[in-house]
There are 2 protein chains.
Amino acid sequence: MPPLLKNVIADVEERLKSGEYKMTPRRSLILRVLIENQGRHLSAEEVYQVVKEQEPELGLATVYRTLELFSDCGIVFGMDFGDGRKRYDMGLGAALGHHHHHLICTRCGRIIEAGEDLLEDLELRVQRDYGFSVVDHQLKMFGLCEGCQPKGGPAKSGS
Amino acid sequence: MPPLLKNVIADVEERLKSGEYKMTPRRSLILRVLIENQGRHLSAEEVYQVVKEQEPELGLATVYRTLELFSDCGIVFGMDFGDGRKRYDMGLGAALGHHHHHLICTRCGRIIEAGEDLLEDLELRVQRDYGFSVVDHQLKMFGLCEGCQPKGGPAKSGS
DNA sequence: TTGGATGCAAAGCCTTTGCATACCT
DNA sequence: AGGTATGCAAAGGCTTTGCATCCAA
């Protein structure tokens, strides 16, 4: 495994220990799966399927418990794309696990991560106009991804 | 009931009829509850509780079915604040039922509607940079509402 | 030895569905 | 009559929990 991965795992271990938790082999495995699937927003069940390939003994409940644990520690973030199940992803990159921007294609279901930070501006306005102090935000945009859009450029609809 | 309300109900009736559905007394009642509670993002269960006061015979399943029906007709919009249940609100005002901006207080749970439209700008960028054509979006900001913020101005933490 | 970690299965929540009945055109 | 609307209760899907066991410090 690449050294970066080791670092991340070590870092997570630190965070867990500071909260009286242990980094067990199973948790480590789940973490690795999450890292290797960054940006794919796996559900608990999906994590379970992947993890079970290497650790068939591992139970679904452990996945749920681990995901919640990681979530509490700020290691992963849960999100909801309206498909009836929670999905998770690493909180790496953004300093505070801040800024989750997703473009959700309503046709093929693909979810694209967008890295915009224009919301800084909006946060300031909200802070000022509503007296609301923003800690985190989540933006979802629904529409059609490039591949699902009508092809052929800006053709006239008729001819 | 105010004339505006009548108009809305009549309009909804039109929409239902155009889809082969009927505006029944129960649906009308549910609609009225939704209208009278705009901005409160009621869950199905909550709608049920309110509706039952006037129509104790009405069943929860009808509420669910009606909410889905309204949702399909674009009359209401479902959203998710991460509390494990769908919440609904009227899609009035914004032309396309577009622009749902919510400020969610993580301390008291209050949900404030924000009417900003700064995202137009962001949508354009997304369109350009990702080739993603945005149809709708949803923005949630988590933080502390005015009442839940530490009082007394920028006081020193110690003394 | 003690406390957390885990598997398994049962239980919980919210939501959807099946079926028989009631209502309206 | 014919078809939709509805209540009730059962069924479903995802998640959490209880309990006995296992593991590590």
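First the proteins, then the strands, lettered A, B, ... as listed; each starts at 1.
- Side-chain N or O atoms of A:Arg87 include none that pairs as donor or acceptor with a backbone N or O of A:Phe81 at under 3.5 Å.
- Taking atom CG of B:Leu29 as the reference point, atom C1' of D:dT6 lies 14 Å away to the nearest angstrom.
- Set against D:dT6, C:dA5, D:dC14, the side chain of A:Arg85 has D:dC14 as its closest nucleotide.
- In this structure, the ring of B:His41 has its center no less than 6.0 angstrom from the ring center of B:Tyr88.
- Between B:His137 and A:Phe142, the ring center distance fails the sub-6.0 Å criterion.
- A donor-acceptor pair under 3.5 Å links the side-chain atoms of A:Asp89 to the main chain of A:Gly39, judged by distance alone.
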Passes side-chain hydrogen bond (donor to acceptor under 3.5 Å, both in side chains), A:Gln127 versus A:Glu123? Steps please. CA-CA 6 Å; A:Gln127 209 117 205; A:Glu123 286 190 9; 5.3 Å; no
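- Looking only at distances, a side-chain donor or acceptor of B:Gln149 sits under 3.5 Å from a matching main-chain atom of B:Leu144.
- For the pair A:Arg87 CZ and D:dG13 P, the computed distance is 16 Å after rounding to whole Å.
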For every nucleotide of nucleotides 17-25 of chain C, 5' to 3': is a protein heavy atom under 4.0 Å from its base (B), only from its sugar-phosphate (S), or from neither (-)? BB-------
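- Rounded to whole Å, the distance from CD on A:Glu55 to P on D:dC23 is 12 Å.
- In this model, the phosphate group of D:dT6 is approached by a side-chain N or O of B:Thr24 to a distance below 4.0 Å at OP1 or OP2.
- In this structure, the side chain of A:Lys22 does not engage the main chain of A:Arg27 through any donor-acceptor pair within 3.5 Å.
- One can place NZ of B:Lys86 at 14 Å from C1' of C:dC13, the figure rounded to the nearest angstrom.
- Rounded to whole angstrom, the span from the CE atom of B:Met23 across to the P atom of D:dT4 amounts to 18 Å.
- Taking 4.0 angstrom as the limit, A:Arg27 places a side-chain polar atom (N or O) nearer than this to OP1 or OP2 of C:dT6.
- Atom CG of A:Asp80 and atom P of D:dC14 are 13 Å apart (whole Å).
- Atoms CD (B:Glu45) and P (C:dT16) sit 13 Å apart, rounded to a whole Å.
- Summarising the geometry, the separation between OH on A:Tyr21 and C1' on D:dA25 is reported as 18 Å, rounded to the nearest angstrom.
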